[in-house]
Participant: 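Have a look at this one before I ask anything.
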Number of protein chains: 2
Amino acid sequence: MRLIVARCEVVYTGRLNAFLPEAVRLLIVKADGSVLVHDDAGGYKPLNWMAAPSRIEDAGDRLVVRRPKTEDVLEIRLVDVLSDVTHDMGESAALQKDGVERHLQEELAATPAALGEGLTLVRREWPTEVGPVDLMCRDGDGEWVAVEIKRVATIEAVEQLMRYLDFIRVDPAKAGCRGVLAAQSIKPQAATLADSRGIRCVEVDLALLRGEREPELTLFTA
Amino acid sequence: MRLIVARCEVVYTGRLNAFLPEAVRLLIVKADGSVLVHDDAGGYKPLNWMAAPSRIEDAGDRLVVRRPKTEDVLEIRLVDVLSDVTHDMGESAALQKDGVERHLQEELAATPAALGEGLTLVRREWPTEVGPVDLMCRDGDGEWVAVEIKRVATIEAVEQLMRYLDFIRVDPAKAGCRGVLAAQSIKPQAATLADSRGIRCVEVDLALLRGEREPELTLFTA
DNA sequence: ACTTAGATTTCGCCG
DNA sequence: CGGCGAAGTCTAAGT
């Protein structure tokens with residue numbers, strides 16, 4: 001990894017055109033060819049960048065980064081190099097995560113009643129012609145219930161569930177299938193659309209779900 | 001900006017939990033308190049990070065970054081510091097972009113006739129219950145026309161426009177409202193779906209639109 | 001290889 | 001400040 005701190009000017013042309021006037025910035029050239037231009041503020045997104053794979057042309061006072069097979073070009077004019085060091089970073093190690101949508105699905109699959117009275121799970125990832133439904137359940141009356149799960153539910157989630165329902169209901173045995181949208185957070189306009197489509201919304205909390213199952217678990221471990 | 005290259009272990013807890021096993025990585029501490037943990041490969045997204053504003057606790061062999069008012073905590077255990085330098089970056093300079101959807105919308109708002117014979121603009125960002133329509137126009141016969149604008153139009157764009165139309169047409173005065181999808185590039189599947197939904201597709205070219213109005217208006221033609 | 005959907009999405013605008 | 005939509009989205013998984 002090469003780290004350059006320099007007064008520079010940056011031009012990107014490709015899917016759009018972008019220009020950075022002369023200023024002091026951090027340039028990162030990664031081992032795989034990725035190039036990042038960072039400011040001393042702002043979020044994690046670089047001001048400008050080029051993804052790997054790339055071909056880098058280093059003319060000393062000018063770095064030209066091209067992405068093969070595309071029109072993308074990142075051109076960095078180095079006006080004043082304040083620092084230029086290279087580090088060998090050796091072996092890497094992958095990130096481990098917990099708490100993403102899949103985990104919410106696991107908890108709800110284990111406790112479908114949290115989504116409504118008398119709900120029982122039939123299958124996770126129930127396949128339809130347009131993709132898998134997160135949970136397929138039946139309610140106390142034996143009616144089918146398709147559940148779409150999101151961490152944050154937007155209008156897109158409602159449309160996704162509607163697509164599934166359209167195909168599920170083609171089967172006469174499931175013509176009365178209901179839809180439930182479950183999420184940690186549901187956007188108001190998503191709720192509005194869901195309502196107009198006859199889809200019920202349920203806000204759920206992952207920590208709470210895990211906490212609520214704990215007593216049952218202690219019954220067996222005690 | 002502080003740049004640390006170190007063998008380290010990183011734990012994030014907040015919206016989810018994430019863990020990075022011990023390895024050599026680049027740590028960036030920006031002037032505004034943002035902290036980024038970068039690997040020597042991969043895109044511009046850090047493996048782990050914390051956005052500003054943050055409070056940083058530096059115990060030498062341990063950096064603890066907290067985000068006030070949230071539960072977010074980023075904890076970095078420094079096992080072996082290979083480099084630790086700080087640079088004063090001085091004044092910043094903002095990024096200038098050209099060619100995004102907004103520019104396309106501006107041009108089409110100024111020249112709605114490019115979308116069809118006799119079209120006149122009524123309003124940009126016309127509000128509906130499920131979001132704003134990019135352009136609301138009327139045609140030569142006085143009929144309403146809702147326009148959705150994209151840089152690249154996919155099936156999603158067609159569904160988005162259909163969503164708007166469903167709500168717009170509830171008003172009897174706009175029951176005959178037509179839909180037009182305008183984009184620099186329209187995916188074949190999107191065009192097919194649009195056709196089946198009675199939505200007209202128009203491919204437009206930003207440079208051409210500008211050329212028709214003011215030949216030398218773009219940022220980087222000089 | 002291409003498409004689909006998630007993301008600690010981030011970012012910017014507008015209320 | 002929150003909601004909504006775009007993004008050079010990126011990225012990983014399934015087909």
Side-chain angles (χ1 to χ4, degrees), chain A residues 12-18 34 37 42-52 67 69-74 94-95 97-105 125 127 130-132 134 148-157 159-161 163-164 183-193, chain B residues 10-19 34-37 42-52 65 67 69-74 94-95 97-105 124-125 127-134 148-157 160 163-164 183 187 189:
Chain A
Y12 164 76
T13 53
R15 278 171 280 190
L16 58 62
N17 300 313
S34 319
V37 181
Y44 70 59
K45 192 176 176 183
L47 293 167
N48 245 321
W49 73 94
M50 184 70 80
R67 232 180 104 93
K69 298 176 186 174
T70 72
E71 295 179 9
D72 291 348
V73 183
L74 184 70
L95 180 69
K97 289 189 205 179
D98 174 52
V100 293
E101 182 192 304
R102 185 163 40 83
H103 301 116
L104 195 58
Q105 187 189 121
E125 304 288 346
V130 288
D134 287 333
E148 176 62 31
I149 299 169
K150 288 278 183 268
R151 225 172 54 79
V152 179
T154 64
I155 274 176
E156 291 307 316
E159 300 237 312
Q160 192 180 346
L161 181 50
R163 282 200 298 272
Y164 295 150
Q184 292 197 320
S185 153
I186 296 175
K187 299 293 181 189
Q189 293 203 357
T192 301
L193 182 66
Chain B
V10 185
V11 175
Y12 163 76
T13 54
R15 279 173 283 189
L16 58 62
N17 300 312
F19 172 67
S34 319
V35 178
L36 288 66
V37 181
Y44 66 63
K45 192 176 175 182
L47 294 167
N48 244 320
W49 72 93
M50 183 71 79
V65 189
R67 230 177 104 85
K69 297 177 187 174
T70 73
E71 296 178 10
D72 291 348
V73 183
L74 185 69
L95 179 69
K97 284 190 195 177
D98 177 52
V100 294
E101 183 192 304
R102 174 148 294 273
H103 298 118
L104 199 56
Q105 188 189 118
R124 277 173 66 186
E125 304 290 344
T128 76
E129 289 173 69
V130 289
V133 177
D134 286 333
E148 176 61 33
I149 300 170
K150 288 279 183 262
R151 218 166 47 81
V152 179
T154 63
I155 267 179
E156 280 307 311
Q160 190 180 349
R163 213 153 63 214
Y164 295 150
K187 298 286 183 194
Q189 290 183 334

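Below, chains carry the letters A, B, ... as their sequence lines are ordered, and counting in each starts from 1. These numbers come from the heavy atoms of this one structure, side chains and all, not from hydrogens, waters or symmetry mates.
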Participant: Let's test this: given Watson-Crick or G-U wobble pairing with both distances under 3.5 Å, identify the partner of D:dG8.
Facilitator: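 By the stated definition (distances under 3.5 Å), nothing pairs with D:dG8.
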Participant: More 5' along DNA chain C: A:Val152 or B:Arg102, using each one's nearest nucleotide?
Facilitator: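 Comparing both residues, the 5'-ward one is A:Val152.
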Participant: For A:Gly43 and for A:Ile149, find the nucleotide of DNA chain C with the closest heavy atom, then tell me which residue's nucleotide is more 5'.
Facilitator: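 Per heavy-atom nearest nucleotide, the more 5' residue is A:Ile149.
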Participant: Base, sugar-phosphate, or nothing: which does B:Asn48 touch, judged by heavy atoms less than 4.0 Å apart?
Facilitator: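 Base: the residue B:Asn48, judged by heavy atoms under 4.0 Å, touches a nucleobase.
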Participant: Counting any heavy atom closer than 4.0 Å, what does B:Val130 reach on the DNA or RNA strands: base, sugar-phosphate only, or nothing?
Facilitator: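 Sugar-phosphate: the residue B:Val130, judged by heavy atoms under 4.0 Å, touches backbone atoms but no base.
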Participant: Determine the minimum heavy-atom distance between A:Ser34 and A:Ala52, stating which atoms define it.
Facilitator: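 Taking every non-hydrogen atom into account, OG-CB, 3.7 Å.
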Participant: Are B:Lys97 and B:Leu95 packed together at the side-chain level, in the sense that at least one heavy-atom pair is separated by less than 4.5 angstrom?
Facilitator: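 Yes, side chains in contact.
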Participant: Where the side chain of A:Arg15 is defined as all heavy atoms beyond and including C-beta, which of C:dA7, D:dC10, C:dT8 is the nearest nucleotide?
Facilitator: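 Of the candidates, D:dC10 comes closest.
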Participant: Between B:Arg124 (CZ) and C:dG15 (P), how many Å, whole number?
Facilitator: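 My rounded result for the distance is 12 Å.
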Participant: Are the ring of B:Tyr44 and the base ring of D:dC10 both nearer than 5.5 Å at their centres and tilted by less than 30°?
Facilitator: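 Base of D:dC10: not stacked against B:Tyr44.
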Participant: With C1' as the reference atom in both, quote the distance from D:dA7 to D:dT11 in angstrom, rounded to an integer.
Facilitator: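 Each nucleotide's C1' atom is 14 Å from the other's.
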Participant: Quick one: on DNA chain D, does A:Ala190 or A:Leu47 contact a more 5' nucleotide (nearest heavy atom)?
Facilitator: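 Whichever sits nearer the 5' end wins; that is A:Ala190.
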Participant: Quick one: label B:Gly14 by what it contacts on the DNA or RNA (base, sugar-phosphate, nothing), any heavy atom closer than 4.0 Å.
Facilitator: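 Here B:Gly14 touches no strand at all.
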Participant: Nearest of C:dT8, D:dG3, D:dG8 to any side-chain atom of A:Met50?
Facilitator: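 Of all the options, the side chain of A:Met50 is nearest to D:dG8.
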Participant: Let's see if you can work this out: which of C:dT8, D:dC4, D:dA7 has an atom nearest to the side-chain heavy atoms of B:Pro132?
Facilitator: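 The nucleotide sitting nearest to the side chain is D:dC4.
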Participant: Taking only the side-chain heavy atoms of A:Gln189 (C-beta and beyond), determine which of C:dA7, D:dG5, D:dG8 contains the nearest atom.
Facilitator: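 My answer, after comparing the listed nucleotides, is D:dG5.
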Participant: What's the closest nucleotide to the side chain of A:Arg163 if the choices are C:dA5, C:dA7, D:dG5?
Facilitator: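 The answer is C:dA5, which lies nearest to the side chain.
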Participant: Could you check which of C:dT8, C:dA5, D:dA7 has an atom nearest any side-chain atom of B:Leu16?
Facilitator: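 Within the option list, the nearest is C:dT8.
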Participant: Testing the basics here: between A:Asp134 and A:Glu101, what is the closest heavy-atom pair and its distance to 0.1 Å?
Facilitator: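 Reported closest heavy-atom pair: OD2-OE2, 4.0 Å.
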Participant: Give one of base, sugar-phosphate or nothing for B:Glu148, where a contact means two heavy atoms less than 4.0 Å apart.
Facilitator: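 Sugar-phosphate, backbone atoms only, no base.
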Participant: Do you know the tightest heavy-atom contact between A:Gly14 and A:Asp72?
Facilitator: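 In this case the closest contact between A:Gly14 and A:Asp72 is CA-OD1, 3.3 Å.
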Participant: Expressed as a whole number of angstroms, how long is the span from A:Leu193:CG to D:dG5:C1'?
Facilitator: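 Rounded to whole Å, this separation is 15 Å.
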Participant: Which residues pass the side chain to side chain contact (heavy atoms under 4.5 Å, CB included) test with A:Val130, not counting sequence neighbours?
Facilitator: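 By the side chain to side chain contact (heavy atoms under 4.5 Å, CB included) rule, A:Val130 matches A:Thr128, A:Arg163, A:Tyr164, A:Phe167.
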Participant: Considering every strand and a 4.0 Å limit on heavy-atom distances, what is the contact class for B:Val100: base, sugar-phosphate, or nothing?
Facilitator: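 Since only primed, P, OP1 and OP2 atoms lie under 4.0 Å of B:Val100, the category is sugar-phosphate.
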Participant: Using 30° and 60° as the class limits, which term best fits the ring planes of B:Trp49 and A:Tyr44: parallel, tilted or perpendicular?
Facilitator: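 Rings of B:Trp49 and A:Tyr44: perpendicular, over 60°.
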Participant: So which nucleotide from C:dA5, D:dC10, C:dT10 ends up closest to the side chain of A:Tyr164?
Facilitator: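 Taking heavy atoms from C-beta onward, the closest nucleotide is C:dA5.
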Participant: Name the closest nucleotide to the A:Gln160 side chain, picking from C:dT8, D:dC4, C:dG6.
Facilitator: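 Selected nucleotide: C:dG6.
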Participant: Expressed as a whole number of Å, how far does the P atom of C:dT8 sit from that of C:dT4?
Facilitator: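 That atom pair is separated by 22 Å.
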Participant: Considering every strand and a 4.0 Å limit on heavy-atom distances, what is the contact class for B:Gly131: base, sugar-phosphate, or nothing?
Facilitator: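 Sugar-phosphate: the residue B:Gly131, judged by heavy atoms under 4.0 Å, touches backbone atoms but no base.
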Participant: Expressed in whole Å, how much space separates the P atoms belonging to C:dG12 and D:dC10?
Facilitator: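 Their P atoms lie roughly 16 Å apart.
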